[in-house]
Amino acid sequence: MLGKPARDWTRLEQSYRGRMERGNAISGHKIVPHQDAVALMEAVIEPGDRVCIEGNNQKHADFLAAELARCSPERIHGLHIVQSNIALPTHLDVFENGLAEKLDFCYSGPQGVRISRLVKDGQVKVGAIHTYLELYSRYFCDLTPHVSFIAADAADRDGNLYTGVNTEDTPAIVEATAFKSGILIAQVNRIVDRVPRVDVPGDWVSYVIESPKPYYIEPIFTRDPAVITEIQILMAMMVIRGIYEKYGVTRLNHGIGFDTAAIELILPTYAADLGLKGKICRYMSVNPCPTLIPAIESGFIDGIHCAGSEVGMSDYVAARSDVFFIGRDGSMRSNRVFCQLAGHYADLFIGSTLQIDLEGNSSTATHNRITGFGGAPNFGSESRGRRHASPSWLLAGQEASRDPYRMPRGRKLVVQLVQTFSDPTSPTFVERLDAWTLKDSFGLPLPPVMVYGDDLTHIVTEEGIANLLLCDDLAEREQAIRAVAGYTPVGLGRDRAVVTRLRAKGAVVYPEDIGVDKRLATRDLLAARSIKDLVRWSGGLYDPPARFRNW
């Protein structure tokens with residue numbers, strides 16, 4: 001059209017072809033020897049690129065991460081790292097080595113202290129600490145990677161990938177990168193003639209590198225029943241009677257930890273004796289935690305969708321295809337995004353945290369530990385887009401509204417399950433979250449809050465349950481929280497008269513109010529009291545890691 005400036009609509013495609021030409025000059029083939037990894041990266045990565053390195057709970061492109069850190073900062077610099085998990089030292093070496101300068105991430109785990117130091121030294125500029133779904137969504141918006149490194153179990157000569165049981169984040173990374181002219185480099189454990197299942201088509205993959213050793217994997221969802229305490233069993237009993245039974249929760253997400261492991265292990269005993277089999281906990285979005293085995297074997301659980309896998313659980317999961325999502329090849333296909341969505345639209349999320357303030361805001365980012373949020377911000381938020389009803393959702397909505405003339409809406413149950421002290425000197429309940437201080441030290445526009453108070457519906461401690469749905473205002477909410485905060489300074493600040501009034505209307509519930517007999521809170525209630533018991537429940541299919549074996 002006359003006067004309209006010419007625009008090149010194929011800029012990204014031309015960039016891709018240029019990168020591929022340079023990469024092919026290194027390898028000459030899609031399968032690249034691992035010795036050429038650095039040369040390949042220096043050929044296809046350009047200064048200022050957004051780079052994603054796959055790495056989450058169960059698998060990491062660790063070889064590629066280490067090789068990137070070995071690249072020359074004269075060739076590659078100014079990178080913007082956009083990845084969910086900063087878990088390995090090499091993930092931060094790229095900043096100290098001058099290759100990268102900006103970071104958008106979700107979870108830092110043991111690298112949290114080092115990130116804080118690098119931020120203070122000006123070597124890392126943090127874009128945001130995201131939720132998983134938020135970061136993956138931005139891959140398809142304004143944070144699309146130019147280059148992504150992923151990890152898979154196997155590849156064939158055409159580059160078709162088999163992710164095995166740990167699909168995890170791979171689909172989100174692959175589709176955002178491959179369909180926006182990005183370079184996709186896959187680290188695989190082995191090259192085979194034929195993959196058992198095509199999880200990623202070969203023409204989406206730019207290069208494949210067989211790693212010198214299998215990708216890193218950590219059994220982070222294994223909880224040894226031997227160290228579950230009687231306090232955790234008491235809290236589990238209160239959850240089952242005061243929340244699961246009361247609301248009839250059938251679709252839920254369990255956070256990881258010993259607190260929720262205790263719930264799972266008393267389903268076949270305590271919950272079964274209450275006649276709750278078939279009435280609660282039928283569908284779960286959670287990784288295949290070994291502590292779920294007794295509940296599965298007892299017929300409590302009908303279905304589980306997993307974000308990832310767990311070391312030693314593959315044979316058991318494969319043998320329970322009615323419960324887990326199993327492919328034709330006989331192995332599970334996890335998917336973090338789908339699991340997050342399933343959990344987001346479930347009836348309940350229950351997890352733990354390190355700090356809770358007087359409004360119910362919680363965070364796992366404290367002065368001493370910055371563990372990140374994992375999936376909790378998405379699981380533990382009110383799903384306002386939900387339109388499907390369930391008895392649990394409707395009852396929670398009725399408690400939240402209590403106005404028969406308002407438009408009826410349901411409500412997701414979001415529960416924090418914590419002990420009043422996270423260790424002998426650290427109260428879980430605080431007047432002000434450490435997140436406020438971290439906001440300043442990280443230079444963030446917002447404090448790193450995991451679950452916001454207005455999303456939270458219940459707090460369960462060894463003292464009792466605070467039902468925040470039944471609190472009329474922030475003053476009542478504060479007193480309900482103080483009522484279950486035990487002997488922390490927050491708990492000692494309770495107004496006994498107000499607490500008595502809140503207890504009368506059910507906003508504060510103690511064990512005796514819901515028929516929980518504290519005398520029963522012993523380890524005898526656990527369906528399995530050791531890892532060896534879990535192996536027996538599985539019929540020998542569960543193969544725990546060596547460090548969990550003492551027989």
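Note that the structure is predicted; figures quoted are calculated from it, not measured.
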Ignoring hydrogens, what is the shortest heavy-atom contact between [X] and [Y]? Give both atom names and the distance.
X      : Y      : result
Tyr247 : Gly242 : CE1-O, 4.2 Å
Asp259 : Ser352 : OD2-OG, 3.2 Å
Ile459 : Val418 : CG2-CG2, 4.5 Å
Ala521 : Glu230 : O-CB, 3.3 Å
Ile301 : Cys281 : CG1-O, 3.5 Å
Ala376 : Val451 : O-CG2, 4.2 Å

Is the shortest heavy-atom distance from the side chain of [X] to the side chain of [Y] under 4.5 Å?
X      : Y      : result
Pro290 : Phe548 : no
Glu399 : Arg411 : no
Val165 : Phe324 : no
Pro89  : Arg114 : yes
Tyr107 : Asn56  : no
Asp169 : Tyr139 : no
Asn335 : His305 : yes
Pro294 : Leu534 : yes

Looking at [X], I'd like to know if its [atom1] atom is crowded, meaning that more than 12 non-hydrogen atoms belonging to other residues, nucleotides or ligands lie closer than 6.0 Å.
X      : atom1 : answer
Phe338 : CZ    : no
Arg402 : CZ    : yes
Asp517 : CG    : yes
Phe140 : CZ    : yes

Determine yes or no for a side-chain-to-main-chain donor-acceptor pair under 3.5 angstrom, with [X] supplying the side chain and [Y] the backbone.
X      : Y      : answer
Asp513 : Tyr510 : yes
Ser383 : His344 : yes
Asp153 : Tyr162 : no
Asp302 : Arg282 : no
Arg197 : Arg328 : no
Thr269 : Leu525 : yes
Ser426 : Asp423 : no
His458 : Val415 : no

For this session: Show the numbers, then the answer: is there a side chain to side chain contact (heavy atoms under 4.5 Å, CB included) between Phe149 and Gln187?
Result: CA-CA 7 Å; Phe149 303 150; Gln187 163 186 334; over 6 Å; no
Are [X] and [Y] close enough for a salt bridge, meaning some N to O gap below 4.0 Å?
X      : Y      : answer
Asp347 : Arg386 : yes
Arg494 : Glu463 : no
Arg432 : Asp357 : no
Asp455 : Arg384 : no
Arg320 : Glu297 : yes
Arg336 : Glu54  : no
Glu134 : Arg138 : no
Glu382 : Arg409 : no

Problem set entry | Trace of the side chain to side chain contact (heavy atoms under 4.5 Å, CB included) decision for His60 with Thr90 | CA-CA 11 Å; His60 288 270; Thr90 51; over 6 Å; no
Once you round to the nearest 0.5 Å, how far does [atom1] of [X] lie from [atom2] of [Y]?
X      : Y      : atom1 : atom2 : answer
Ile280 : Ile263 : CD1   : CD1   : 9.5 Å
Ser392 : Leu413 : OG    : CG    : 4.5 Å
Arg190 : Ser211 : CZ    : OG    : 13.5 Å
Phe105 : Leu135 : CZ    : CG    : 10.5 Å
Ile350 : Asn253 : CD1   : CG    : 10.0 Å
Leu267 : Leu276 : CG    : CG    : 9.0 Å

Exercise. Relative to each other, are the rings of Tyr136 and Tyr132 parallel, tilted or perpendicular (30° and 60° limits)?
Worked result: parallel
Exercise. Phe379 vs Phe349 aromatic rings, parallel, tilted or perpendicular, using cut-offs 30° and 60°?
Worked result: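 Because their plane-to-plane angle is under 30°, the rings of Phe379 and Phe349 count as parallel.
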For this session: Would you kindly say whether Gln416 and Ser362 are connected by a side-chain donor-acceptor distance under 3.5 Å?
Result: yes
Exercise. Under 3.5 Å, is there a donor-acceptor pair between the Gln419 and Thr428 side chains?
Worked result: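 Gln419 vs Thr428: no donor-acceptor pair found between side chains.
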Exercise. Going through the checks in order, is the side-chain hydrogen bond (donor to acceptor under 3.5 Å, both in side chains) test met by Thr222 and Asp224?
Worked result: CA-CA 7 Å; Thr222 298; Asp224 188 343; over 6 Å; no
Exercise. Going through the distances and angles, do Lys59 and Thr163 end up as a side-chain hydrogen bond (donor to acceptor under 3.5 Å, both in side chains)?
Worked result: CA-CA 10 Å; Lys59 66 173 179 177; Thr163 60; 5.2 Å; no
Exercise. With a cut-off of under 6.0 Å to the ring centre and 45° to the axis, is Arg223 in cation-pi contact with Phe258?
Worked result: yes
For this session: Show your reasoning for whether side chain to side chain contact (heavy atoms under 4.5 Å, CB included) applies to Glu168 and Ile150.
Result: CA-CA 11 Å; Glu168 290 200 333; Ile150 61 172; over 6 Å; no
Problem set entry | Candidate pair Arg241 and Glu512, rule salt bridge (charged side-chain N to carboxylate O under 4.0 Å, His left out), full reasoning | CA-CA 11 Å; Arg241 292 235 64 174; Glu512 56 270 29; over 6 Å; no
Exercise. Is there a side chain to side chain contact (heavy atoms under 4.5 Å, CB included) between Val516 and Leu234 once you walk through the steps?
Worked result: CA-CA 8 Å; Val516 171; Leu234 172 62; 3.9 Å; yes
Exercise. Does the pair Tyr542 and Glu310 meet the rule for a side-chain hydrogen bond (donor to acceptor under 3.5 Å, both in side chains), with working shown?
Worked result: CA-CA 10 Å; Tyr542 173 42; Glu310 178 62 7; over 6 Å; no
Problem set entry | Criterion side-chain hydrogen bond (donor to acceptor under 3.5 Å, both in side chains) on Gln111 and His91, from CA distance to verdict | CA-CA 9 Å; Gln111 300 302 318; His91 292 160; over 6 Å; no
